[in-house]
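Reminder, nothing fancy here: chain letters follow the sequence lines and each chain counts from 1. Because the structure is a prediction, the values reported are computed rather than measured.
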2 protein chains.
Amino acid sequence: MSLRHGLLDLLAGEPMSGYDLSRFFSVSMGNVWPAQHSQIYPELAKLTAEGLIAQTGEGPRGRKVYQTTEAGLAALRSWLRDSPPDYSIRQEAQLRVFCLWVLPPDEALAYLARDRAEYVRHLDLITATIAAVDWGENQVRRSSRLSIEFGRRFYTELIGWIDWAAEQIAAGALQPGGPVPGLTAGARLG
Amino acid sequence: MSLRHGLLDLLAGEPMSGYDLSRFFSVSMGNVWPAQHSQIYPELAKLTAEGLIAQTGEGPRGRKVYQTTEAGLAALRSWLRDSPPDYSIRQEAQLRVFCLWVLPPDEALAYLARDRAEYVRHLDLITATIAAVDWGENQVRRSSRLSIEFGRRFYTELIGWIDWAAEQIAAGALQPGGPVPGLTAGARLG
DNA sequence: TTCTAACATGTAGCTCTTGACATGTCAACG
DNA sequence: CGTTGACATGTCAAGAGCTACATGTTAGAA
């Protein structure tokens, strides 16, 4: 039930088409809740049927523009207020890291280097977006600025962690008899 | 296809039952890849049928203990080596934050305070685990120490971000005409 | 001895999500 | 005028994942 609320939020901010939504997702909410167009279009149909959004315009090539209704906004508020947040996180890339010990250390290091490059790309994209967008334009933008700041910090931290982990592995932390990670030089971190 | 590899990894480290796995998940891999027992048991059956794990023991109350086979370990390595990582992240709690602008500022602040408490609880649990476990015992443990360190940093950062966001909202960042988040006092942050 | 809580394994039905398929429009370029 | 690429909307089948249901065991406390 998360996708629908993401859509309600975006369409409450400004009218958009399914196509707009699926592209916009990839640079905003998509960072914490990915969605393909094949999921978005049927959801828009359902939301329309339930009266939570309404088609308020059309454009060339069959383009349909939707907007959140009062009922939709109420549903969004009630979701935030009345349903308990799901604090779980799903992140395959970090699951893989758990398994790195099955690779020889040099391969594990190469693996982390690839991850790092990916995260740097991501961070660069975020930094560019922060610089490019006028975040004062409306409430959704202001709210998004708070969220994207978390993205910036998250990827910065992730890169920092990889550098630390790579150091540990290079020092033999994954090999039996090597130094225990987090206990480098006999002193416990943090 | 991620759960099966998580299981292969854990069962390569030490023999465990489905019950052990479902509990262990909640304090290790479950932090990045949650799984219920209702998903684990059928997956164990499939993995057994495919020869990637094998039942190597039994215990009271119908307890079945499994272990990853050579074929399973090979499958795990090949997953790490040959399949492209999925770098996407799913995190409902942060999706909700995108929507906070639909609530009045005081309610948004209360909302973040609840999130913060949850994350502090989580961080405390991680800190306690780091202190309690002997991370040098085997390779899986050493590898896990790297992963849990990321968890520690992640939740620390998350709490720091909430404090920043709350400050912004308190200063009126979500209200039209208020200060634009990230541009506090006219100076752009980091 | 009886009760309770933790141990232990499973199944069934439903929703969510993905990847592939499918179709058509329009603008710009050569 | 034909081609290409972006725009634009959809469907469908298969698999992943969640909630609830279902069953039985064992240790320890009262």
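Within the 4.5 Å cutoff, the side chain of A:Lys64 has no heavy atoms near those of the A:Glu58 side chain. B:Leu47 has its side chain out of reach of B:Leu11: every pair of non-hydrogen atoms, C-beta onward, lies at least 4.5 Å apart.
A salt bridge links A:Arg96 to A:Glu92: one of the charged nitrogens lies within less than 4.0 Å of a carboxylate oxygen.
The distance from atom NZ of B:Lys64 to atom C1' of C:dG10 is 9 Å, rounded to the nearest whole Å. Rounded to an integer number of Å, the gap from B:Asp86 CG to C:dG19 C1' is 13 Å. Distance, B:Ile40 CD1 to C:dG10 P: 12 Å, rounded to whole Å.
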Every protein N/O within reach of nucleotides 13-17 of chain C N/O, cut-off under 3.5 Å:
from: C:dT17; atom 1: OP1; to: B:Arg90; atom 2: NH1; distance (Å): 3.3
from: C:dT17; atom 1: OP2; to: A:Gln39; atom 2: NE2; distance (Å): 2.7
from: C:dT17; atom 1: O5'; to: A:Gln39; atom 2: NE2; distance (Å): 3.3
from: C:dT17; atom 1: O3'; to: B:Arg90; atom 2: NH2; distance (Å): 3.2

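Listed in residue order, the members of residues 51-62 of chain A having a heavy atom less than 4.0 Å from DNA chain D are A:Pro60, A:Arg61, A:Gly62.
Taken from CZ in B:Phe150 to CG in A:Leu158, the straight-line distance is 4.5 Å, to the nearest 0.5 Å.
A close approach under 4.0 Å does occur between a side-chain nitrogen or oxygen of B:Tyr19 and OP1 or OP2 of C:dC7.
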**OP:** Could you please spell out the steps behind the salt bridge (charged side-chain N to carboxylate O under 4.0 Å, His left out) verdict for A:Arg4 and A:Glu43?
**Re:** CA-CA 7 Å; A:Arg4 61 165 38 209; A:Glu43 194 62 46; 3.1 Å; yes
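Each of A:Ser17 and B:Ala35 was matched to the nucleotide of DNA chain D holding its nearest heavy atom; the match closer to the 5' end belongs to A:Ser17.
Along DNA chain D, read 5' to 3', the first and last nucleotides having any atom under 4.0 Å from a heavy atom of chain A are D:dA6 to D:dC18.
Here B:Arg23 lies in heavy-atom contact (under 4.0 Å) with sugar-phosphate atoms only.
Under the side chain to side chain contact (heavy atoms under 4.5 Å, CB included) test applied with A:Val102, the options B:Thr68, B:Val140, B:Leu76, B:Leu8 reduce to a single match, B:Leu76.
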